[in-house]
Amino acid sequence: MAQEWIYGFHAVEAAIREDRVIRVMLDPSRKDKRMQEFYLLAEQFHIKVERVDSATLDQQMPDSRHQGVLALIEVRAPEGEEFLYKLLDEIDQAGEHPFLLILDEVQDPHNVGACLRSAEAFGVDAVIVPKDNACSLTPIVRKVSSGSSERVPFIEVTNLSRMLEKIKARGIWVSGLAGGGDTTIFTADFRGPLAIVMGSEGSGMRRLTEKNCDFIVKIPMEGEIESLNVSVATGVTLAEAYRQRHFGK
């Protein structure tokens, strides 16, 4: 397991409850109710607290809104492509249908963290990203994901197009989201072995990625909005896929 500093009440509290904390540093000048509750939580889980001044916290995590709370934790490092195929074998052996989320060069850590939260909420088996030109598991991603980054496998692949070809050969249907889709997420069939591909914040899916999709879907929208933020679009699409997979068409 790798180690990493994280910050903020919510992220550190989640790490404490998941037994991943190595060290905790707090600013003793904070005496509000939230901090007092945090002290009680640390005591409950037998976590030793180091009291340091705000300048020390700022030095440890510059340019962060740490709220007076830092923790060194054990973190789940990104997995490699071989992990994906082993995971798919295990899903097949269990007689279940794989459900994957692929983020094609999504670079904003807030979006990646939010996508991980949606992935966990709607039963995604793994989140897959390219190694290059994409956001990895940064401290911001882990903070925004609220622990989902530790519970949902996060896989980095060298060649996304080649990986798509391999999972298609295993019988997994690949559905890409784009504004010019031939059908909507509400009329598409998301049941069975499935991978949903979301494009980057600015340009969407790359041409070769889109070419490797079996079908392209869109989210129907009213008003003058042309597109949704990628994390919002991911949540909407995964929610519809979850509905179909668990409650039928």
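Small disclaimer: the values here were computed from a predicted structure and weren't measured. By convention here, the first residue in the shown sequence is residue 1. Because only heavy atoms are used, hydrogens play no part in the values below, and waters and symmetry mates are left out as well, while side chains stay in.
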Next on the checklist: Counting only heavy atoms not in D19 (residues, nucleotides, ligands), do more than 12 fall under 6.0 Å from its CG?
Outcome noted: no

Next on the checklist: Donor-acceptor pair, distance only, cut-off 3.5 Å: does the side chain of D182 make one with the backbone of I216?
Outcome noted: no

Checklist entry - Would you say the side chain of M61 lies within less than 4.5 Å of the side chain of M25, judging by non-hydrogen atoms? => result no

Checklist entry - Is there a donor-acceptor pair closer than 3.5 Å between any side-chain N or O of R243 and the backbone N or O of G248? => result yes

Checklist entry - Can you list every salt bridge (charged side-chain N to carboxylate O under 4.0 Å, His left out) pair that touches residues 40-50, not counting sequence neighbours? => result R23-E50

Item to check | Flag, side chain of E105 to backbone of P130, donor-acceptor distance under 3.5 Å | outcome: no

Checklist entry - Do the side chain of R245 and the main chain of H97 share a donor and acceptor less than 3.5 angstrom apart? => result yes

Checklist entry - Are any side-chain N or O atoms of D104 and backbone N or O atoms of R206, one a donor and one an acceptor, separated by less than 3.5 Å? => result yes

Item to check | The single option from V157, I128, I155 passing side-chain contact (heavy atoms from CB on, under 4.5 Å) against E79 | outcome: I155

Checklist entry - Is there a donor-acceptor pair closer than 3.5 Å between any side-chain N or O of E150 and the backbone N or O of R76? => result yes

Next on the checklist: In the structure I gave you, are the side-chain heavy atoms of I172 and F99 within less than 4.5 Å of one another anywhere?
Outcome noted: no

Checklist entry - About how many Å separate CD of E240 and CD1 of I196, when rounded to the nearest 0.5 Å? => result 9.5 Å

Next on the checklist: Using 30° and 60° as the class boundaries, would you call the ring planes of F247 and Y242 parallel, tilted or perpendicular?
Outcome noted: perpendicular

Next on the checklist: Working to the nearest 0.5 angstrom, can you tell me the gap between I167 CD1 and L88 CG?
Outcome noted: 7.5 Å

Checklist entry - Can you check whether V75's main-chain N or O pairs, donor with acceptor, with E4's side chain at less than 3.5 Å? => result no

Checklist entry - Crowded around Q59 CD? As in, over 12 foreign heavy atoms under 6.0 Å? => result no

Checklist entry - Quick one: does Q60's side chain have a donor or acceptor within less than 3.5 Å of a partner on L70's backbone? => result no

Next on the checklist: What I want to check is whether the side chains of N212 and T209 have a donor and an acceptor closer together than 3.5 Å.
Outcome noted: no

Checklist entry - Is E81 reaching over with its side chain to a backbone N or O of N159, donor-acceptor style, under 3.5 angstrom? => result no

Checklist entry - Between Y7 and L57, is any pair of side-chain heavy atoms under 4.5 Å apart? => result no

Checklist entry - Looking at side-chain heavy atoms only, is the closest gap between V12 and F38 below 4.5 Å? => result yes

Checklist entry - Do the side chains of I6 and K143 get nearer than 4.5 Å, heavy atoms only? => result no

Checklist entry - Do the side chain of R30 and the main chain of Q67 share a donor and acceptor less than 3.5 angstrom apart? => result yes

Checklist entry - Do you see a donor-acceptor pair shorter than 3.5 Å between the side chains of E156 and S136? => result yes

